[in-house]
Structure formats: C-alpha cells, structure tokens
Amino acid sequence: MTNKSKFPKYFMTFFIGFVMLCFGVTFVYTANYEPENTTIPKFGFVPNFTFDERSGGVVTKDDLYGEVWIADFIFSNCGGGCPSMSENMLKLQAEFANTPKIRLVSFTVDPDRDSVESLSEYANAYGAKKEKWLFLTGKKKFMYSLIQKGFRLPVDPNLGTDDEPILHSIYFVLVDKRGYLRGYYDSSNEKELVKLVTDARTLLQKK
C-alpha cells in the first residue's frame, strides 16, 4: 500500500516538472524564432554602372536609387532560356503595372552585338514598357565585370551551346532601394517567382 500511495505523488511531481521544462524550452525557442520570409537577407552591393538604354538614353545605378528593381541577363539572339525569361519578366511587368517604384532591368550578356537598336526591337517584341522595363547595353568589359563581380553570377561566351552560345544565369535578382542584392530566384520555377513578387513588395514598404 505504501509504495502504491507514493507512486502517484512521485509521478505527478515528475510530470509537472517535465511539463514546466517543456514550456520553458518552448518559450525560449518561440522568443528567438523568426517566421520564414520576415527577414530578407543581403548578399552584397551592386557597384556603380553607366550603360546605354534601348530608348536611346543613359541609365546609371543612381537612377534606380529609391526603387526596388528586378534584374535579369539575356541577349537578343538567344535561343535557349532567354525567351522564357523575358516572358516571365513580362508577367512581372503586368504584376507591378500599377505599382510605382518597382522596375525591371534586363542586362545584355552580348553587348558586342546587342546595340541599342537591336535591344529596342527585342523589347518591343515582348511588349516592354519603357517606363517600367529597361534594357541595358554597353562595353563588354564593364558589363561582364558587373555581372560577375557585382551580381556574382556566371557569364562566359566560350561555354555556351548552339542554341545559347553564351553561358549565363537564368536567375532573376532582386535589388532593394539602396542597391543591395536581396535575393536570387530561378526564373523557371513558379514558386520562386511567387516568392520574388512577395519579397519585392516587402522591400517596397521599407525605407
């Protein structure tokens, strides 16, 4: 009888202590837990640049200060991933059509052949609006340096394929109002494009 009467007491003491420990651990974990997507990391800073835009003007990084922008890297003679990338950029143009301070910027990876005129034809073929979607070209040396060292993405004219003779990234890059790199998104992945839209709108609300 004695052992039986003490067992519930010891058991309850152990149970209460265990529950308190669990709640304590849970409280500490919850206090330090940050829900996914509330913080968008920084991956670096976009260097200054000055390039020619398909409309005939010149665009610098300072011209984009105060705006959230989405960059991609294409060329007009690309038969690989570029058409799909540009189609998805067109969808982003429609998504942000009535959203000021969000811009799309396409950098050519073939500046030797992509003149202002050829980029203008390419942009018109996709229905790109001049005030929303920029197409930039310039000296190959500076363009490649910006892509490789600034955006930290690959580009190589010697490692392509017949359809896509210039190796380049199919990722979209999100840049905040101050010029910081905030995310890389697979342009062929629908879920990542949805996240890109969400992250862009989140950054737009920040100062």
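Since we're looking at a predicted model, the values are computed, not measured. Hydrogens, waters and symmetry mates are skipped; everything else that's a heavy atom, side chains included, is used.
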Enquirer: Closest heavy-atom contact between R54 and N124?
Expert: NH1-OD1, 3.5 Å
Enquirer: Measure from the side-chain N and O atoms of T202 to the backbone N and O of T198, and report whether any donor-acceptor pair falls under 3.5 Å.
Expert: yes
Enquirer: If you round to the nearest 0.5 Å, how far is CG of D199 from CG of D176?
Expert: 11.5 Å
Enquirer: Please report the interatomic distance CG(L203) to CZ(R178), rounded to the nearest 0.5 Å.
Expert: 12.0 Å
Enquirer: What pairs meet the salt bridge (charged side-chain N to carboxylate O under 4.0 Å, His left out) rule with one or both residues in residues 61-71, with sequence neighbours excluded?
Expert: E67-R103
Enquirer: What distance separates C82 SG from I74 CD1, expressed to the nearest 0.5 Å?
Expert: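 Here the rounded value is 6.0 Å.
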Enquirer: If two hydrophobic side chains count as joined below 4.5 Å and joins carry through other members, does L167 share a cluster with I170?
Expert: no
Enquirer: Any idea which heavy atoms bring Q93 and K129 closest together, and the distance?
Expert: OE1-N, 2.8 Å
Enquirer: Taking C-beta and beyond as the side chain, do S106 and M89 meet within less than 4.5 Å on heavy atoms?
Expert: yes
Enquirer: Do the non-hydrogen side-chain atoms of V194 and K191 ever get within less than 4.5 Å of each other?
Expert: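 They are not in side-chain contact.
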Enquirer: So which atom in A71 and which in F107 form the shortest heavy-atom distance, rounded to 0.1 Å?
Expert: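 Nearest heavy atoms, A71 then F107: CB-CE1, 3.9 Å.
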Enquirer: Please walk me through it: do D72 and Y171 pass side chain to side chain donor-acceptor pair (under 3.5 Å)?
Expert: CA-CA 7 Å; D72 75 341; Y171 276 72; over 6 Å; no
Enquirer: Which atom pairs, donor and acceptor, lie under 3.5 Å between side-chain atoms of residues 46-53 and protein residues at least two apart or in another chain?
Expert:
residue: E53; atom: OE1; partner: S55; partner atom: N; Å: 2.8
residue: E53; atom: OE1; partner: S55; partner atom: OG; Å: 2.5
residue: E53; atom: OE2; partner: F135; partner atom: N; Å: 2.9

Enquirer: So does E95 pair up with R201, basic N to acidic O under 4.0 Å?
Expert: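 Yes, this pair counts.
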Enquirer: Can you tell if the side chain of T99 reaches within under 4.5 Å of the side chain of L204, non-hydrogen atoms only?
Expert: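 A side-chain contact exists here, since the closest heavy-atom pair is under 4.5 Å.
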Enquirer: Where the side chain of E164 meets the backbone of G81, is there a donor-acceptor pair that is under 3.5 Å apart?
Expert: yes
Enquirer: Hydrophobic clustering (ILVMFWY, side-chain heavy atoms < 4.5 Å, transitive) - are I102 and I40 grouped together?
Expert: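 Shared cluster, yes.
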Enquirer: Indicate the ring-plane relationship of W69 and F151, choosing parallel, tilted or perpendicular according to the 30° and 60° boundaries.
Expert: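 It falls in the perpendicular class, over 60°.
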Enquirer: What distance do L92 atom CG and E87 atom CD have between them, rounded to the nearest 0.5 Å?
Expert: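 Answer rounded to 0.5 Å: 12.5 Å.
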Enquirer: Go through the steps to decide whether V105 and L64 satisfy the test side-chain contact (heavy atoms from CB on, under 4.5 Å), and finish with yes or no.
Expert: CA-CA 10 Å; V105 185; L64 298 170; 4.1 Å; yes
Enquirer: Looking just at side-chain N and O atoms, do D163 and T161 make a donor-acceptor pair shorter than 3.5 Å?
Expert: no
Enquirer: Checking Y185 against F172 for the ring pair (Phe, Tyr, Trp, His ring centres under 6.0 Å) test, could you report, in this order, the C-alpha distance in whole Å, the side-chain angles of both residues, the deciding distance, and whether it holds?
Expert: CA-CA 5 Å; Y185 308 80; F172 289 163; 8.6 Å; no
Enquirer: Checking Y65 against K177 for the side-chain contact (heavy atoms from CB on, under 4.5 Å) test, could you report, in this order, the C-alpha distance in whole Å, the side-chain angles of both residues, the deciding distance, and whether it holds?
Expert: CA-CA 6 Å; Y65 187 85; K177 296 177 181 179; over 6 Å; no
Enquirer: Has H168 got a side-chain atom pairing as donor or acceptor with V155's backbone, closer than 3.5 angstrom?
Expert: no
Enquirer: Kindly indicate whether the side chain of M143, heavy atoms from C-beta on, has any atom under 4.5 Å from the side chain of V109.
Expert: no
Enquirer: Pair F75, C78 - check side-chain contact (heavy atoms from CB on, under 4.5 Å), show working.
Expert: CA-CA 6 Å; F75 61 108; C78 173; 3.5 Å; yes
Enquirer: Between K132 and F96, is there a donor-acceptor pair closer than 3.5 Å when you use the side chain of the first and the backbone of the second?
Expert: yes
Enquirer: Tell me if a side-chain donor or acceptor on D110 pairs with a main-chain N or O of D114 at a distance below 3.5 Å.
Expert: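 Here the side-chain-to-backbone pair does not exist.
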Enquirer: If I compare all heavy atoms of G179 with all of F45, which pair ends up nearest, and what's the gap?
Expert: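 In terms of heavy atoms, the two residues are closest at O-CD1, 3.5 Å.
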Enquirer: Taking atom OH of Y184 as the centre, report whether more than 12 heavy atoms of other residues, nucleotides or ligands fall under 6.0 Å from it.
Expert: yes
Enquirer: Are I147 and Y180 grouped together when hydrophobic residues (ILVMFWY) are joined by side-chain heavy atoms under 4.5 angstrom apart?
Expert: no
Enquirer: After noting the C-alpha distance and the side-chain angles of E190 and K195, does the key distance pass the side-chain contact (heavy atoms from CB on, under 4.5 Å) rule?
Expert: CA-CA 9 Å; E190 190 66 31; K195 186 176 186 302; over 6 Å; no
Enquirer: Determine the minimum heavy-atom distance between A200 and V68, stating which atoms define it.
Expert: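 Heavy atoms of A200 and V68 come nearest at O-CG1, 4.1 Å.
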Enquirer: Taking all non-hydrogen atoms of both residues into account, name the closest pair between Y144 and P111 and its distance.
Expert: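 Scanning both residues, the minimum pair turns out to be CE1-CD, 4.3 Å.
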Enquirer: Passes side chain to side chain donor-acceptor pair (under 3.5 Å), Y122 versus S86? Steps please.
Expert: CA-CA 10 Å; Y122 184 88; S86 295; 2.6 Å; yes
Enquirer: Are L181 and K42 close enough that some pair of their side-chain heavy atoms sits under 4.5 Å apart?
Expert: no
Enquirer: Which of these, L174, V173, V197, sits in a side chain to side chain contact (heavy atoms under 4.5 Å, CB included) with I70?
Expert: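 It is L174, the one option of L174, V173, V197 that forms the side chain to side chain contact (heavy atoms under 4.5 Å, CB included) with I70.
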Enquirer: So, taking the atom named CZ in R152 and the one named OG in S169, what distance separates them when rounded to the nearest 0.5 Å?
Expert: 14.0 Å
Enquirer: Are the side chains of R182 and F43 in contact, using a 4.5 Å heavy-atom criterion?
Expert: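 Counting from C-beta outward, F43 and R182 never come under 4.5 Å.
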